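Data first, discussion second: the structure below is written as C-alpha coordinates.
Since this is a predicted model, take the numbers as computed values, not measurements.
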Amino acid sequence: MSKTLVLEYDDLTFLDPENCLLQIEELVRRHPDIKLSFFTVPMMRGAPLSHNMEWCNSIRQHIYNENVCLGVHGLMHSQEEFKHLSYTEAALRLRFAEAVFETADLPFERVFRGPHWGLNQESLNAISDAEYTHLYNHEDYRSLNAESMKVVYYNWNLKDNTPDGEEETIIAHGHTHNVCKNGIEETLDKVSKFIDDYRPEFKFINEV
(Lines give C-alpha, C1' and ligand atoms only; values in the text may rest on other atoms or scores of the structure.)
Protein backbone atom coordinates (compact mmCIF):
# COMPACT_ATOMS: atom_id res chain seq x y z
CA MET A 1 0.00 0.00 0.00
CA SER A 2 1.35 3.42 -0.94
CA LYS A 3 1.80 5.81 1.95
CA THR A 4 1.93 9.56 2.37
CA LEU A 5 4.31 10.90 5.00
CA VAL A 6 4.07 14.27 6.74
CA LEU A 7 7.13 14.87 8.93
CA GLU A 8 6.45 17.69 11.40
CA TYR A 9 8.66 18.88 14.23
CA ASP A 10 8.11 21.43 17.00
CA ASP A 11 10.26 24.32 18.23
CA LEU A 12 12.55 25.27 15.36
CA THR A 13 14.81 28.29 15.98
CA PHE A 14 18.49 29.16 15.53
CA LEU A 15 19.21 28.76 19.24
CA ASP A 16 20.59 25.57 20.72
CA PRO A 17 19.34 23.00 21.50
CA GLU A 18 16.37 23.64 19.16
CA ASN A 19 18.54 24.36 16.12
CA CYS A 20 18.51 21.22 13.95
CA LEU A 21 20.09 22.54 10.75
CA LEU A 22 22.64 19.72 10.70
CA GLN A 23 19.89 17.10 10.88
CA ILE A 24 17.93 18.85 8.13
CA GLU A 25 21.00 18.74 5.92
CA GLU A 26 21.59 15.06 6.69
CA LEU A 27 18.01 14.06 5.88
CA VAL A 28 18.10 16.06 2.64
CA ARG A 29 21.39 14.37 1.76
CA ARG A 30 19.88 10.92 2.30
CA HIS A 31 16.50 11.71 0.72
CA PRO A 32 16.79 14.63 -1.74
CA ASP A 33 13.03 14.88 -2.29
CA ILE A 34 12.12 14.85 1.42
CA LYS A 35 9.66 17.39 2.80
CA LEU A 36 10.27 18.52 6.39
CA SER A 37 7.83 20.80 8.23
CA PHE A 38 8.74 22.80 11.31
CA PHE A 39 6.51 24.61 13.77
CA THR A 40 8.82 27.58 14.27
CA VAL A 41 9.12 29.88 17.28
CA PRO A 42 9.58 33.51 16.13
CA MET A 43 11.07 34.73 19.44
CA MET A 44 12.37 31.79 21.42
CA ARG A 45 13.74 33.06 24.77
CA GLY A 46 13.32 36.62 23.50
CA ALA A 47 15.59 36.23 20.45
CA PRO A 48 13.88 37.04 17.12
CA LEU A 49 14.80 34.86 14.15
CA SER A 50 16.47 37.82 12.43
CA HIS A 51 19.22 37.80 15.08
CA ASN A 52 20.93 35.09 13.05
CA MET A 53 20.56 35.90 9.37
CA GLU A 54 23.17 33.33 8.33
CA TRP A 55 20.95 30.63 9.79
CA CYS A 56 17.88 32.20 8.19
CA ASN A 57 19.64 32.19 4.82
CA SER A 58 20.32 28.46 5.14
CA ILE A 59 16.72 27.68 6.11
CA ARG A 60 15.41 29.90 3.31
CA GLN A 61 17.47 27.98 0.76
CA HIS A 62 15.92 24.71 1.95
CA ILE A 63 12.49 26.33 1.59
CA TYR A 64 13.29 27.43 -1.97
CA ASN A 65 14.53 23.89 -2.71
CA GLU A 66 11.12 22.59 -1.49
CA ASN A 67 12.62 20.52 1.31
CA VAL A 68 11.42 22.68 4.24
CA CYS A 69 8.17 24.36 5.23
CA LEU A 70 7.64 26.60 8.26
CA GLY A 71 4.47 26.82 10.34
CA VAL A 72 3.77 29.16 13.27
CA HIS A 73 4.32 27.92 16.83
CA GLY A 74 3.10 30.87 18.87
CA LEU A 75 5.28 33.91 19.42
CA MET A 76 7.56 33.27 22.41
CA HIS A 77 6.66 29.67 23.28
CA SER A 78 5.80 30.53 26.86
CA GLN A 79 3.97 27.81 28.79
CA GLU A 80 0.68 27.11 26.95
CA GLU A 81 1.01 30.63 25.54
CA PHE A 82 -2.21 30.69 23.49
CA LYS A 83 -4.32 29.03 26.19
CA HIS A 84 -4.42 32.16 28.35
CA LEU A 85 -5.01 35.00 25.87
CA SER A 86 -7.99 37.14 24.97
CA TYR A 87 -8.97 37.46 21.32
CA THR A 88 -7.18 40.81 21.08
CA GLU A 89 -4.01 39.54 22.72
CA ALA A 90 -3.92 36.48 20.47
CA ALA A 91 -4.46 38.57 17.34
CA LEU A 92 -1.65 40.94 18.34
CA ARG A 93 0.77 38.09 19.03
CA LEU A 94 -0.05 36.50 15.69
CA ARG A 95 0.67 39.76 13.86
CA PHE A 96 3.91 40.16 15.81
CA ALA A 97 4.92 36.58 14.99
CA GLU A 98 4.25 37.12 11.30
CA ALA A 99 6.26 40.36 11.37
CA VAL A 100 9.24 38.48 12.82
CA PHE A 101 9.11 35.96 9.95
CA GLU A 102 8.88 38.80 7.44
CA THR A 103 11.83 40.69 8.98
CA ALA A 104 13.90 37.51 8.75
CA ASP A 105 12.71 37.05 5.14
CA LEU A 106 11.50 33.55 5.96
CA PRO A 107 8.45 32.38 4.01
CA PHE A 108 5.90 30.64 6.22
CA GLU A 109 2.55 28.94 5.86
CA ARG A 110 -0.58 29.90 7.77
CA VAL A 111 -0.50 26.68 9.74
CA PHE A 112 -0.61 26.91 13.53
CA ARG A 113 0.14 24.80 16.55
CA GLY A 114 -0.17 26.16 20.07
CA PRO A 115 2.97 26.11 22.22
CA HIS A 116 2.68 23.07 24.50
CA TRP A 117 -0.53 22.44 22.48
CA GLY A 118 -2.39 25.07 24.56
CA LEU A 119 -5.41 26.81 23.00
CA ASN A 120 -8.63 28.47 24.02
CA GLN A 121 -11.62 29.49 21.91
CA GLU A 122 -10.67 33.19 21.90
CA SER A 123 -7.22 32.40 20.52
CA LEU A 124 -8.67 29.98 18.02
CA ASN A 125 -11.10 32.64 16.78
CA ALA A 126 -8.19 35.03 16.27
CA ILE A 127 -6.22 32.38 14.38
CA SER A 128 -9.23 31.68 12.19
CA ASP A 129 -9.84 35.37 11.48
CA ALA A 130 -6.17 35.71 10.47
CA GLU A 131 -7.01 33.20 7.71
CA TYR A 132 -4.89 30.31 8.87
CA THR A 133 -5.72 27.23 6.84
CA HIS A 134 -4.64 24.40 9.17
CA LEU A 135 -4.56 23.74 12.90
CA TYR A 136 -2.34 20.94 14.16
CA ASN A 137 -4.22 20.08 17.30
CA HIS A 138 -4.12 17.78 20.32
CA GLU A 139 -6.84 15.42 21.51
CA ASP A 140 -7.27 17.55 24.65
CA TYR A 141 -8.68 20.41 22.55
CA ARG A 142 -11.09 18.58 20.26
CA SER A 143 -14.01 20.41 21.88
CA LEU A 144 -12.92 23.78 20.49
CA ASN A 145 -14.67 25.05 17.37
CA ALA A 146 -12.19 25.19 14.49
CA GLU A 147 -14.61 24.66 11.61
CA SER A 148 -12.96 27.24 9.35
CA MET A 149 -9.64 25.35 9.34
CA LYS A 150 -8.45 21.88 8.49
CA VAL A 151 -7.72 20.25 11.86
CA VAL A 152 -4.97 17.65 11.87
CA TYR A 153 -3.87 15.16 14.55
CA TYR A 154 -0.65 13.15 14.43
CA ASN A 155 -0.85 9.36 14.26
CA TRP A 156 2.83 8.54 14.68
CA ASN A 157 4.74 9.94 17.62
CA LEU A 158 8.33 9.37 16.52
CA LYS A 159 9.25 7.95 19.93
CA ASP A 160 6.98 5.00 19.15
CA ASN A 161 7.54 2.03 16.88
CA THR A 162 7.24 2.48 13.17
CA PRO A 163 3.59 2.24 12.11
CA ASP A 164 2.74 -0.93 10.24
CA GLY A 165 -1.03 -0.53 10.09
CA GLU A 166 -3.40 0.41 7.29
CA GLU A 167 -2.99 4.18 7.57
CA GLU A 168 -2.33 5.65 4.15
CA THR A 169 -1.38 9.08 5.52
CA ILE A 170 1.16 9.16 8.33
CA ILE A 171 1.41 12.38 10.34
CA ALA A 172 4.73 11.93 12.14
CA HIS A 173 5.32 14.20 15.14
CA GLY A 174 8.62 15.03 16.80
CA HIS A 175 10.79 17.84 18.13
CA THR A 176 13.81 19.65 16.74
CA HIS A 177 15.81 18.70 19.84
CA ASN A 178 16.09 15.53 21.89
CA VAL A 179 13.09 15.87 24.18
CA CYS A 180 10.09 13.59 24.75
CA LYS A 181 12.17 10.82 23.11
CA ASN A 182 11.08 12.03 19.65
CA GLY A 183 13.87 14.44 18.73
CA ILE A 184 14.92 14.71 15.10
CA GLU A 185 18.46 13.56 15.89
CA GLU A 186 17.55 10.57 18.05
CA THR A 187 14.90 9.35 15.58
CA LEU A 188 16.72 10.21 12.36
CA ASP A 189 17.76 6.68 11.47
CA LYS A 190 14.28 5.35 12.30
CA VAL A 191 12.68 7.90 9.97
CA SER A 192 15.24 7.27 7.26
CA LYS A 193 14.64 3.51 7.39
CA PHE A 194 10.86 4.05 7.16
CA ILE A 195 11.43 6.13 4.03
CA ASP A 196 13.71 3.49 2.51
CA ASP A 197 11.24 0.70 3.32
CA TYR A 198 8.03 2.38 2.14
CA ARG A 199 9.12 5.03 -0.39
CA PRO A 200 6.25 7.31 0.69
CA GLU A 201 4.97 10.41 -1.03
CA PHE A 202 6.03 13.42 1.02
CA LYS A 203 3.71 16.28 1.92
CA PHE A 204 4.13 19.50 3.86
CA ILE A 205 1.85 20.42 6.76
CA ASN A 206 -0.20 22.74 4.51
CA GLU A 207 -0.76 20.06 1.89
CA VAL A 208 -2.78 17.61 3.99
Side-chain angles (χ1 to χ4, degrees), residues 3-13 18 35-44 49 63 68-102 106-160 163 165-176 179-180 182 184 200-208:
K3 291 186 181 293
T4 297
L5 179 62
V6 179
L7 287 164
E8 49 94 341
Y9 299 89
D10 280 358
D11 303 342
L12 184 65
T13 183
E18 295 88 2
K35 292 185 174 185
L36 300 164
S37 297
F38 296 95
F39 287 98
T40 305
V41 183
M43 290 189 65
M44 181 74 86
L49 295 170
I63 294 171
V68 164
C69 168
L70 304 183
V72 180
H73 197 34
L75 173 61
M76 297 181 293
H77 203 270
S78 55
Q79 182 65 32
E80 294 187 311
E81 181 181 13
F82 274 68
K83 189 176 180 179
H84 308 288
L85 302 179
S86 68
Y87 176 97
T88 300
E89 290 169 331
L92 286 171
R93 290 196 185 211
L94 277 178
R95 287 201 290 272
F96 196 169
E98 292 168 5
V100 174
F101 280 104
E102 290 162 4
L106 284 174
F108 67 96
E109 299 298 330
R110 290 184 180 276
V111 180
F112 189 88
R113 171 178 280 148
H116 306 102
W117 301 102
L119 283 174
N120 63 23
Q121 191 63 53
E122 292 285 294
S123 290
L124 194 49
N125 292 343
I127 295 163
S128 175
D129 287 349
E131 299 182 340
Y132 279 66
T133 62
H134 292 68
L135 172 70
Y136 277 66
N137 200 17
H138 191 275
E139 296 289 340
D140 291 350
Y141 299 96
R142 275 190 182 271
S143 61
L144 296 178
N145 180 0
E147 291 181 356
S148 66
M149 289 176 281
K150 177 76 177 286
V151 182
V152 184
Y153 299 88
Y154 70 80
N155 54 15
W156 181 22
N157 189 324
L158 290 174
K159 71 179 178 62
D160 297 329
E166 297 299 315
E167 298 95 340
E168 294 183 17
T169 299
I170 305 296
I171 311 294
H173 169 64
H175 283 83
T176 60
V179 66
C180 301
N182 61 14
I184 191 171
E201 175 189 1
F202 297 110
K203 286 190 176 183
F204 286 131
I205 47 175
N206 62 314
E207 296 176 326
V208 178

Completion exercise
Residue set satisfying salt bridge (charged side-chain N to carboxylate O under 4.0 Å, His left out) with E122, at least two apart, ordered chain then number -> none

Exercise for the section: May I ask you to decide if D140's main-chain N or O and H138's side chain share a donor-acceptor pair within less than 3.5 Å? Expected result: yes

Practice task
Could you check Y154 against N182 for side chain to side chain contact (heavy atoms under 4.5 Å, CB included), going step by step and ending with a plain yes or no?
Solution key: CA-CA 13 Å; Y154 70 80; N182 61 14; over 6 Å; no

Handout entry: Of D11, T13, T40, the residue whose pairing with H77 passes side-chain hydrogen bond (donor to acceptor under 3.5 Å, both in side chains)
Key = D11

Practice task
Please report the shortest heavy-atom distance between C69 and E109, naming the atom on each side.
Solution key: SG-CG, 3.5 Å

Problem - Backbone N/O of H134 and side chain of N206: donor-acceptor pair under 3.5 Å - result: no

Just distance, no hydrogens or angles: give the donor-acceptor pairs under 3.5 Å from side chains in residues 144-152, sequence neighbours left out.
from : atom 1 : to   : atom 2 : distance (Å)
N145 : OD1    : E147 : N      : 3.1
S148 : OG     : S128 : OG     : 2.4
K150 : NZ     : V208 : O      : 3.1

Problem - Shortest non-hydrogen contact between P115 and S78, atoms and distance - result: CB-O, 3.9 Å

Which pairs would a plain distance check flag for residues 92-102, meaning a side-chain donor or acceptor within less than 3.5 Å of a matching protein atom at least two apart in sequence or in another chain?
from : atom 1 : to   : atom 2 : distance (Å)
R93  : NH1    : E81  : OE2    : 2.8
E98  : OE2    : R110 : NH1    : 2.8
E98  : OE2    : Y132 : OH     : 2.7

Practice task
Compare all side-chain heavy atoms of V111 with those of F39 and state whether any distance is below 4.5 angstrom.
Solution key: yes

Problem - All salt bridge (charged side-chain N to carboxylate O under 4.0 Å, His left out) counterparts of D10, not counting sequence neighbours - result: R113

Handout entry: Which residues share a side chain to side chain donor-acceptor pair (under 3.5 Å) with K203, sequence neighbours left out
Key = none

Practice task
Kindly give the heavy-atom pair with the smallest separation between F108 and V72, and that separation in Å.
Solution key: CD1-CG2, 3.8 Å

Exercise for the section: State, to 0.1 Å, how close A126 and A91 come at their nearest heavy-atom pair, and which atoms those are. Expected result: CB-N, 3.8 Å

Exercise for the section: For E131, look at atom CD and say whether over 12 heavy atoms of other residues, nucleotides or ligands are found less than 6.0 Å away. Expected result: no

Handout entry: Pairing residues for H175 by the ring pair (Phe, Tyr, Trp, His ring centres under 6.0 Å) criterion, not counting sequence neighbours
Key = H173, H177

Practice task
Work out which heavy atom in P163 is nearest to a heavy atom in I170; give both atom names and the distance.
Solution key: CG-CD1, 4.0 Å

Handout entry: Heavy-atom closest pair, residues I205 and S37
Key = N-OG, 3.1 Å

Exercise for the section: Look only at the side chain of S123 and the backbone of F82, and say whether a donor-acceptor pair between them is shorter than 3.5 Å. Expected result: yes

Problem - Main-chain N/O of E8 paired to Y136 side chain as donor or acceptor, under 3.5 Å - result: no

